[in-house]
Structures are given as structure tokens and as C-alpha cells.
Amino acid sequence: MLRAFRDALRIPELQRKFLFTLLLLTLYRLGSLIPTPGINPQTADQAAGQAGGLLGLVSSISGGNLSAFSIFALGVLPYITASIVFQILTTALPPLEKLQKEGEEGRKKINQYTRYAAIALGAVQAALLSFVVQANDGAYLLPGWAPGIWFTLHFVLVQVAGVAFTLWLGERISEVGIGNGISLIIFAGIVAQYPSAISAIGQLAQNGQISLLSIVAFALIILVVTAGIVLVQQAERRVPVQYARKEVGGRRYGGQATYLPIKVNQAGVIPAIFASAFLSIPQFFAASNQRFSEFVSTYLVNTTATGMVLEVLLIVGFTYLYNSIQFDPKRVSENLREAGGFIPGVRPGAQTAEHLGFISTRLTLWGALFLGALVLTPQLLQNVTGISGAASFAFSGTGLLIVVGVALDTLKQVEAQLTVRRYDGFISKGRLRGRL
């Protein structure tokens, strides 16, 4: 990994791409320090804290923007939501499925529709957040600002502008910089919390609340979890595929052997987000009833045994649901047959679909259990090391999964850029020798 980045930094064009990417990410982080006008930043985190556990996860992904109610409080959350919705609709609506099959132009139209949907979702989510901020008779507002319809409109306008600007930054990074812009913005938001988390751990050690052994155990658990994430993210089942030979005009085509990769963790971090969202629903209604609030805090919070078991079961269920939408064995089987490919020892058609479905189901189970174990990482850190609160939540399994996934994806793109330039140099030298 380090060698690839070292080689990339020696190429002037890639140097400019890296600098441009860092510049835009720095601009995003600077904007994250600007609070929304009218919001009291000293009490805003209390408003986010009482809104449920999902906002804690979202705030972690956004780098603390939500808990501080900055101008980028929503960040890329509406775009992520819209992307998930369109991924599901693409398999359900024939017009969107047809657009996706049109190639690059069709994908550009779907991305455009996704951006429009993200702006609309951003307006709805901003309106809901404005009600949270205006709770307790405007206790989270600065003096001179009063709750009401005008503040709601003002808050929605600022947040929608922040969402649009964040999407623009992500698109510029993808087009001019290096890596996927939206993913790198999420990556920067999570990594930005690490210095404060490490500082909090140091403060706990200085106060004598934790020992040096606890810090070493904390670091070892993080290293083991990170290594496990890298292993699972790179793991895939390679199904052998053979293509039939064709003879056209006296020439033979095809006949090569290849494989169909099926990843262990096809769903990524999405099932964990869905499970957190589902568990946060009762917390929104708990404040209205004392007995229901006690029931939620006793059984449905993810720090309790029943809450952890329920969250893992939800992750397993959402993983199977999402993978069934993303990976359709019947469609893959039809595509293989149309291309003249087949799996050795398996008949094309229904048997191929059954074979691929059986493999995908087994891999999905292991991927789901892996995601469930990652979600329990903060609780494991707290029980083993005694480090709790924001320090352990910053290094949650969900956050580490995103960081490692984005880092691996960016590394692959850097290596692809290096490979293209090596081939360009080889071709240029070959042409020069041919002229000589």
C-alpha cells in the first residue's frame, strides 16, 4: 500500500490529483466548524443526544457535524439514503432497470435523479431536525432567535445548501481528484474524530480512570478488528466460468476460462445502518410514556443483552434482504447463458441459478455474522478496557468498516492509475523503437 502511494507521488499528474483532493476535503472540514446561524453550539449536542441512537451513528459518520448542527450537519446522509432507495428501485422498476442497462449514459441519468432525490430528502430531514432544535421552548437557540415557521424555513434553507455544496465537492473530487468523492468525505468525517478520541483516552489515563494495560488492550482490539475487516472485505468466492468456443470467418473466439467473484460482504455497512435506524424508532416515542421508556431502556437499548441480540438478528435479516436485491442468481445465470458461458459441471439455466443462489446464501450468512460482530465492538471495548463514551464509539466497528473499505477502494484506484501510466510508457517506447 505504502509503495503504491510512494510511486504515485512521484508522478506530477497524480501529485496534482492528491493535492486537489486534500484541498477540497480541507474545505469540507473547515465548513464543518461553522454552526448553523441561530444554533447555540454549546447546547446543540444535547439536542442530538436526546433524538436517539441513530443520530449518534450518523453524527459519527459525518464527523460530528450533526451533533454540532453545523452548516454541513446532514452532509452526505440524504445522498446515501437516496442511493439506497434507487438501488432498490432499479431492480423493481423496469424503466430504471432499462436505464441501468444502457451503459454509462444510463448511469449518468440515474445519478442525476439520485441527486435530485437527495436534495428533496435533505429538505425533509432538515425540517425534522429543526423540530428537534426548537424543542424545550428554544433552549438550544441563541438569544434573539425564537422557534417558529421562519426559523424552520431558515434552518431548512441552510441545510439544503450545505447538502448541495457537499455533493458538489464530492463530484469534483471524483472527476478531478483521486478516489470516490462521496466516500472520501465520509472517510474524512470519521477520521477527523480520532484525534479527539485519542485525547479523551489520554485524559482518562491521566485521571487514573484506566490503566496502561487497558490502553494496550484497546489498541490490540482495534488492530485485530481492522485486520479482520481487511480480510473479510477482500475475501470472495471465485466461481469458475468457462466460455464456449465460437468460429466466425475461420477464426476461433472464446474458449477461455475465468471466474465469477462473489464477495463475502456484499452489503457493506448498509445493514448495520438499517438495524440502527430500526432500533432507534422506539426511542423517539419513549419520551411520551414513562413505562414504555423504562421498557425501551431495559430491553431495546444496544447496551443491554437483549438489545444486542436483537440488533444482530436485524443485521442478519437486513443483510439477506439487501443481498437478495443486489445479487439476483437468475439474472446472472441468464447473462452467462447469453454470453456463451457456463459453470463446469452445472447445467445452464435453472441449475446454474440454484448453484449461485446456494453459494450466495452461505456467504451472506458469514458476512451477516461478521457485521453483527462489528456492531458489538464498542460494547466489547467498554467491557474489556473500561474505555467508554465517545472514545470507544469513535472506533466503532461500523466506522472502521467504512474507513478500511474506502482506503482499500482508493488504493485500488491509485494502483489502476499507475498501471495505466506504465502501459502508456510501454506503448510510447514501442512506437519510438518502431520509428527508429
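Model, not experiment: these values are computed from the prediction. What's counted below: heavy atoms across the whole structure, side chains too, no hydrogens, waters or symmetry copies.
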Quick check: closest heavy atoms across [X] and [Y], and the distance to 0.1 Å?
X	Y	result
Q234	K412	OE1-NZ, 3.8 Å
V163	G75	CG2-O, 3.9 Å
A267	T319	CB-CG2, 4.4 Å
A188	R29	O-CD, 4.3 Å
P78	A118	CB-O, 3.2 Å
F327	V332	CE1-CG2, 4.0 Å

So, do [X] and [Y] sit near enough that their side-chain heavy atoms are less than 4.5 Å apart?
X	Y	result
F18	V414	yes
I185	T166	yes
F86	T81	no
R237	R362	yes
Y243	L336	yes
I186	I80	yes
I343	L260	no
S360	Q266	yes

Check for a donor-acceptor pair, side chain of [X] on one end and backbone N or O of [Y] on the other, with a separation under 3.5 Å.
X	Y	value
T114	A82	no
S199	P195	no
D328	K330	yes
Q159	S70	yes
S183	G179	no
K109	L99	no
Y320	T361	yes

Apply side-chain contact (heavy atoms from CB on, under 4.5 Å) to F358 and L363, showing your working. CA-CA 9 Å; F358 177 70; L363 292 178; over 6 Å; no
With no hydrogens and no angle check, do the side chains of S174 and N180 hold a donor and an acceptor under 3.5 Å apart?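 No, no side-chain donor-acceptor pair sits under 3.5 Å.
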Give, for atom [atom1] of [X] and atom [atom2] of [Y], the distance between the pair rounded to the nearest 0.5 Å.
X	Y	atom1	atom2	result
Y322	T364	OH	OG1	12.5 Å
L401	L371	CG	CG	6.5 Å
I201	I210	CD1	CD1	6.5 Å
F342	T352	CZ	OG1	10.0 Å
T36	F155	OG1	CZ	5.0 Å
T226	L400	OG1	CG	5.0 Å

Looking at E175 and R172, is there a salt bridge between them, counting it only when a charged N and a carboxylate O are closer than 4.0 Å? yes
Less than 4.0 angstrom from a charged side-chain N to a carboxylate O is my criterion; do R107 and E105 meet it?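 The answer is no: the pair does not qualify as a salt bridge.
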Name the one of L408, I402, D409 that satisfies side-chain contact (heavy atoms from CB on, under 4.5 Å) with V406?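 Running side-chain contact (heavy atoms from CB on, under 4.5 Å) over L408, I402, D409 with V406 returns exactly one hit, I402.
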Apply the test side-chain contact (heavy atoms from CB on, under 4.5 Å) to residues L142 and W145: give CA-CA distance (whole Å), side-chain angles for both, the deciding distance (0.1 Å), then the verdict. CA-CA 6 Å; L142 290 173; W145 292 80; 4.0 Å; yes
I182 and L167: CA distance, side-chain angles, deciding distance, side-chain contact (heavy atoms from CB on, under 4.5 Å) verdict: CA-CA 7 Å; I182 300 298; L167 293 180; 4.0 Å; yes
Please lay out, stage by stage, how V375 and V312 fare under the test side-chain contact (heavy atoms from CB on, under 4.5 Å). CA-CA 8 Å; V375 170; V312 171; over 6 Å; no
Can you say whether the rings of W168 and F165 are parallel (under 30°), tilted (30 to 60°) or perpendicular (over 60°)?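 Geometry flag for F165 against W168: parallel rings.
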